[in-house]
Student: 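Attaching a single structure in structure tokens format; questions to follow.
None of these values were measured; they are calculated from a predicted model. Just so you know, residue 1 is the first one in the sequence shown, and it goes up from there.
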Amino acid sequence: MSSWSATASPLPLLFRRRSSGEIRNLASVSSSILPAFGTVVDEAHLQLKKFVIAPYDRRYRWWQAFLVVLVIFSAWASPFELAFKKVATGSLLPVDLVVDAFFAVDIILTFFVAYLDKSTYLLVLDHKKIALRYVTRIYFPLDVASTLPFNVIYRIFTGNMHHQQVFGFINMLRLWRLRRVSELFKRLEKDTRFSYFWVRYIKLICVTLFAVHSSGCFYFWMATHHKQENDTWIGSQINDFEHRSIWLCYTYSIYWATVTLTTVGYGDLHAVNFGEKIFSIFYMLFNIGLFAYLVGNMTNLVVHSAVRTLFMRDAINEIFRYASKNRLPEGLKEQMLAHVQLKFKTAELQQEEVLEDLPKAIRSSISHHLFQKTVEKTYLFKGVSEHLSVQLISEMKAEYFPPKVDIILQNEIPTDFYILVNGALDVLKYKNGTEQFLSKLGSADLVGEIGVFFNIPQPFTVRTKKLSQVIRISHQSFKQIVQSQNEDGKIIIKNFIEYLKDLKQEVREEIPFLTELLDDLNIEHIQPNEPANYQGEANMEETSDTSTPRPITMRVIIHGHHPDEGDTNGKLIHLPESMEELLKLAEKKLGKRGSTVVMADGSQVEELNALRDNDRLFIF
């Protein structure tokens, strides 16, 4: 015998297979051959010895699949030959011998198939260990007993064909081979290349057909061995049935087994003698369990296919109840319903559900593949490095919005900004109780970035015009990424300033501080996230004398008095690196020198690292 797979890897998920090409579809690879944590894998141990077969070698798998076909024949022939002994010594005998020969070859091959050590989860390649393991387990004697043609051996040594009935029961040992069919279905159920529904459905059909075939054959065997031929279930219908056509009797047997299994019971074929009645009782009890097994499995398959629809209907009913209880307006209720329906329709497209269990590197690669072109077209990120682009895309989340749904509400807190991938958006402004249309946005346009950059409530409402896909990035993620990229930060600031200059006049007028900034301040000095004067909270001031934009830094509001004095006006500055620089900057902005820095609650500030964004400092 030649070597089948002399160089197959025992770790198909960790190393390349060399025996029959590299792995083309991981769905067909078993996950059981994995080393235990902490196991040291010897590289020299990965090469299979001569005349050792890898259990997951493709050619060996094809051999096992071929044997499954022979098992199906054995499962049909064994009960059939028991009931109709004429065919056991006639037309089916040569076929049985050929099938037994193939299984004899498989017994020999099993002595050369490597096995998995359950303690180390590594393949054992030693010939002696492989043979000893096979011989000492129950598989070997049963394989031999189900393969040897005892009736032929008996005829060779005795020269007669007596005791055929005994050999008929011995041949039932061939049903041991059905374990191969069970193992095949287990593999197919885990193989994503095949529909789980149809694999389970075919399995249930096979179980049902085998139950009907076996019970029908055994019921006919009972009739042939009763003392009085007419005192049997079939003898009362067919005179001299033992000398009639085999297929006629087989048809009657299958008919009886089918109507009994389905609990129809027409009554035309029924138990007559005591033995048949006892068998019918146990068969019907067995049918109760089989019927429950079939109905339970079919119910699970059908419900599994409709479970998402059931969840969607429940969610919609909950929305109806919530909207009715809280008397929500009809327009808002329609937006809620549209969002829920779209969520279920696009569930398979959502980034989070698909990618959440994958490593971050794979998630980043997928997101980069999907959204790179869109991000590159966005005005804010034109000219930035690929390094920054990859980091930003990795933090972006994809979302779908149905038509006429608000993505951003006017005056809401700026936590995210969005890039439109496809669809259309309308920019709206509520003024004097009326809704005014400002502009329309298309693919690769940004929304929400003005509120994020200036740290002000969103100045506009953004609403979808049709089904739209957007990708969003949070304010904090954007700040953390750009803060360490000095050159890219300058490019983003430049792009943002150019965008502000090109805004339509009617849009500028809706942002109160923007016109003043563009007219009175040196626009090159504006930093991302640098806020403007809003509701008297703080006056926007420059904090750097340099003419070059710098990375995003922490911002604080300074006051020139004790916190108990109650004056709320202050100056918003970028926090310097030291306490001395903070006092100098406060003197320059507030017009007086201070020596003590406290928080709003009166606690004294000793380390600037302890401060947070937008903290209020009182210097006096």
Side-chain angles (χ1 to χ4, degrees), residues 1-71 74 98-148 174 176-188 190-191 193:
M1 186 182 85
S2 61
S3 176
W4 278 56
S5 179
T7 58
S9 169
L11 302 175
L13 295 183
L14 300 180
F15 303 91
R16 294 182 182 274
R17 255 200 255 207
R18 304 181 181 87
S19 59
S20 54
E22 295 182 4
I23 300 172
R24 297 179 182 272
N25 194 325
L26 290 178
S28 62
V29 177
S30 172
S31 60
S32 60
I33 296 190
L34 287 174
F37 286 115
T39 301
V40 178
V41 180
D42 185 4
E43 291 287 348
H45 188 67
L46 296 180
Q47 300 296 326
L48 290 184
K49 295 182 180 180
K50 192 175 183 180
F51 302 116
V52 173
I53 304 171
Y56 295 99
D57 183 272
R58 186 179 304 170
R59 289 169 291 182
Y60 184 70
R61 281 290 182 88
W62 278 109
W63 168 256
Q64 294 294 319
F66 171 69
L67 291 181
V68 169
V69 177
L70 301 183
V71 169
S74 298
V98 172
V99 172
D100 290 340
F102 279 110
F103 281 100
V105 172
D106 184 68
I107 292 175
I108 297 174
L109 289 179
T110 306
F111 283 94
F112 300 93
V113 178
Y115 70 91
L116 190 66
D117 188 339
K118 295 298 184 180
S119 61
T120 62
Y121 279 82
L122 295 176
L123 289 179
V124 177
L125 309 177
D126 185 83
H127 288 98
K128 292 182 179 179
K129 292 182 179 180
I130 295 173
L132 182 63
R133 177 178 179 270
Y134 182 45
V135 171
T136 55
R137 300 183 70 187
I138 191 63
Y139 292 95
F140 177 70
L142 289 178
D143 285 345
V144 173
S146 62
T147 301
L148 289 178
R174 295 172 182 168
W176 163 252
R177 300 168 182 171
L178 284 173
R179 63 183 176 84
R180 298 176 184 269
V181 179
S182 177
E183 293 171 356
L184 174 65
F185 276 111
K186 287 181 180 179
R187 290 202 302 268
L188 293 180
K190 298 176 183 178
D191 196 332
R193 295 175 299 174

Student: Restricting to non-hydrogen atoms, name the atom on A114 and the atom on I130 that form the minimum distance, rounded to 0.1 Å.
Tutor: CA-CD1, 3.8 Å
Student: Tell me the closest heavy-atom pair linking T136 and L132, and the distance in Å.
Tutor: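 Nearest pair, atom of T136 first, then L132: OG1-O, 2.7 Å.
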Student: Please round to the nearest 0.5 Å and tell me the distance separating atom CG of D57 and atom CH2 of W63.
Tutor: 14.0 Å
Student: According to salt bridge (Lys or Arg N to Asp or Glu O under 4.0 Å), who are the partners of R133, at least two apart in sequence or on a separate chain?
Tutor: none
Student: Walk me through whether V71 and R179 qualify under side-chain contact (heavy atoms from CB on, under 4.5 Å).
Tutor: CA-CA 9 Å; V71 169; R179 63 183 176 84; over 6 Å; no
Student: For F51 and F112, work out which heavy atoms get closest and say how close.
Tutor: O-CD2, 3.2 Å
Student: Could you check whether D117 pairs with K129 (Lys NZ or Arg NE/NH1/NH2 to Asp/Glu carboxylate O, under 4.0 Å)?
Tutor: no
Student: Residues in side-chain contact (heavy atoms from CB on, under 4.5 Å) with K186, at least two apart?
Tutor: S182
Student: Does the side-chain contact (heavy atoms from CB on, under 4.5 Å) test come out yes or no for F103 and D143, once each step is laid out?
Tutor: CA-CA 8 Å; F103 281 100; D143 285 345; over 6 Å; no
Student: Give the C-alpha distance, both sets of side-chain angles, the deciding distance and a yes or no for side-chain contact (heavy atoms from CB on, under 4.5 Å) between R187 and R61.
Tutor: CA-CA 11 Å; R187 290 202 302 268; R61 281 290 182 88; 3.8 Å; yes
Student: Could you grab the distance from atom CG of L184 to atom CG of L178, nearest 0.5 Å is fine?
Tutor: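 The distance works out to 12.0 Å.
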Student: Identify, with sequence neighbours excluded, every residue that meets salt bridge (Lys or Arg N to Asp or Glu O under 4.0 Å) alongside D100.
Tutor: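 D100: salt bridge (Lys or Arg N to Asp or Glu O under 4.0 Å) contacts with R174, R177.
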Student: Would you call the rings of F102 and F66 parallel, tilted or perpendicular, taking 30° and 60° as the class edges?
Tutor: perpendicular
Student: Drop me the distance from R180's CZ to S74's OG, to the nearest 0.5 angstrom.
Tutor: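 Separation between the atoms: 10.0 Å.
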Student: Testing the basics here: between Y60 and P55, what is the closest heavy-atom pair and its distance to 0.1 Å?
Tutor: CD2-O, 3.6 Å
Student: Look at K128 together with D126 and state whether they make a salt bridge at an N to O cut-off of under 4.0 Å.
Tutor: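 No salt bridge links K128 with D126.
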Student: For the pair Y134 and V113, evaluate side-chain contact (heavy atoms from CB on, under 4.5 Å) and give the outcome as yes or no after the intermediate values.
Tutor: CA-CA 10 Å; Y134 182 45; V113 178; over 6 Å; no
